[in-house]
Amino acid sequence: MLIGELSSRTGVSRRMIRYYEQQGLLESARGTNGYRQYDDQAPAVVGHIKNLLAAGLPTATIAGLLQCVHGDPARPVLSGCPGMVDGLQAERARVAAEISRLNTSQEVLDILLEAAVHGPR
DNA sequence: CTTCTGACA
DNA sequence: TGTCAGCA
């Protein structure tokens with residue numbers, strides 16, 4: 001399929017699909033006309049890229065991860081990449097710490113706003 | 001009509 | 001990231 005079909009089937013713009021390729025996340029064959037051609041598994045790969053990007057992972061990490069992520073993007077199967085797991089767990093810990101800090105910020109803001117409603121007009 | 005690359009009011 | 005240009 002051509003980029004237009006891959007785009008409509010994944011909901012990812014053609015611009016982004018080309019960007020994924022620039023970042024080394026997605027491969028494509030070229031027809032004699034120079035058009036990018038994708039195989040039937042491309043939609044799933046794009047799905048995985050969307051997931052990994054949503055996880056906030058850098059494209060460099062995603063590139064490596066794609067080598068061991070398979071199956072339906074809705075039910076990812078991670079086979080191999082034993083070393084990657086440690087990194088992902090560390091990333092998860094960073095995200096948890098970030099959430100904790102944001103919750104603290106929210107609490108402080110809530111206290112300030114609470115004081116505001118009770119303060120002078 | 002569709003895609004390609006490069007560039008930015 | 002969208003979008004426009006100028007080709008093929």
Side-chain angles (χ1 to χ4, degrees):
Chain A
M1 72 185 87
L2 297 180
I3 195 171
E5 186 180 344
L6 180 59
S7 175
S8 63
R9 288 171 54 163
T10 61
V12 175
S13 69
R14 294 180 298 192
R15 176 79 160 75
M16 280 297 93
I17 290 174
R18 297 190 187 101
Y19 177 68
Y20 290 171
E21 189 173 309
Q22 291 186 336
Q23 301 306 299
L25 305 182
L26 185 63
E27 57 184 61
S28 73
R30 295 288 186 138
T32 52
N33 52 12
Y35 289 9
R36 269 167 269 249
Q37 202 152 192
Y38 302 90
D39 49 66
D40 51 306
Q41 57 136 49
V45 176
V46 173
H48 287 125
I49 292 174
K50 290 176 66 178
N51 287 168
L52 271 9
L53 245 22
L57 297 174
T59 58
T61 299
I62 295 177
L65 228 36
L66 284 174
Q67 301 303 305
C68 42
V69 178
H70 306 88
D72 181 350
R75 292 288 176 74
V77 175
L78 187 59
S79 58
C81 301
M84 297 292 240
V85 178
D86 290 336
L88 292 178
Q89 287 176 157
E91 179 58 22
R92 206 222 92 107
R94 273 191 283 279
V95 170
E98 179 74 15
I99 289 174
S100 179
R101 276 179 279 132
L102 289 174
N103 270 130
T104 298
S105 295
Q106 186 177 54
E107 287 170 15
V108 173
L109 256 16
D110 283 343
I111 291 174
L112 250 25
L113 290 171
E114 175 67 19
V117 293
H118 291 311
R121 166 193 22 148

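Order of the sequence lines fixes the chain letters, A, B, ..., with proteins taken first and strands second; residue numbering starts at 1 for each chain.
More than 12 heavy atoms of other residues, nucleotides or ligands sit less than 6.0 Å from atom CD of A/Glu5.
Paired regions of DNA chain B, where each region holds three or more successive Watson-Crick or G-U pairs whose two hydrogen-bonding distances fall under 3.5 Å, are B:4-8 with C:2-6.
Inter-residue side-chain proximity for A/Val45 and A/Tyr20 is flagged as unmet; no heavy-atom pair is nearer than 4.5 Å. With contacts defined as side-chain heavy-atom distances shorter than 4.5 Å, the pair A/Leu6/A/Leu26 qualifies. Between A/Leu88 and A/Leu65, some side-chain heavy-atom pair lies under the 4.5 Å cut-off. With contacts defined as side-chain heavy-atom distances shorter than 4.5 Å, the pair A/Arg92/A/Val95 does not qualify.
Whole-Å rounding puts the A/Met16 CE to C/dT3 P distance at 12 Å. Put simply, CZ on A/Arg30 is 19 Å from P on B/dT2, counting in whole angstrom units. Taking atom CG on A/Asn33 and atom C1' on B/dT2, their separation rounds to 9 Å, with Å as the unit. Rounded to a whole Å, the CD atom of A/Glu5 is 14 Å from the C1' atom of B/dT3.
A single hydrophobic cluster is not seen to contain both A/Tyr35 and A/Tyr19; linkage of ILVMFWY side chains at heavy-atom distances under 4.5 Å, directly or through other members, places them apart. Residues A/Leu78 and A/Leu53 share a single hydrophobic cluster, defined by chaining ILVMFWY side chains whose heavy atoms lie under 4.5 Å apart.
A heavy atom closer than 4.0 Å to some atom of DNA chain B occurs in A/Arg18, these being the qualifying members of residues 17-28 of chain A.
Using a cut-off of 4.0 Å between Lys/Arg side-chain N and Asp/Glu carboxylate O, A/Arg18 and A/Glu21 are scored as not salt-bridged.
Of the possible donor and acceptor atoms, none in the side chain of A/Ser7 sits under 3.5 Å from a partner among the backbone N and O of A/Ile3. A donor-acceptor pair is defined here as one N or O able to donate and one able to accept, closer than 3.5 Å; no such pair exists between the side chain of A/His48 and the backbone of A/Ile62. In this structure, the side chain of A/Lys50 does not engage the main chain of A/Val12 through any donor-acceptor pair within 3.5 Å.
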Please produce a list of atom pairs where a protein N or O lies less than 3.5 Å from an N or O of nucleotides 4-8 of chain C.
none

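Distances shown here put every side-chain N or O of A/Arg15 at or beyond 4.0 Å from the OP1 or OP2 atom of B/dT3. Within the 4.0 Å cut-off from OP1 or OP2 of B/dT3, not a single side-chain nitrogen or oxygen of A/Arg36 is found.
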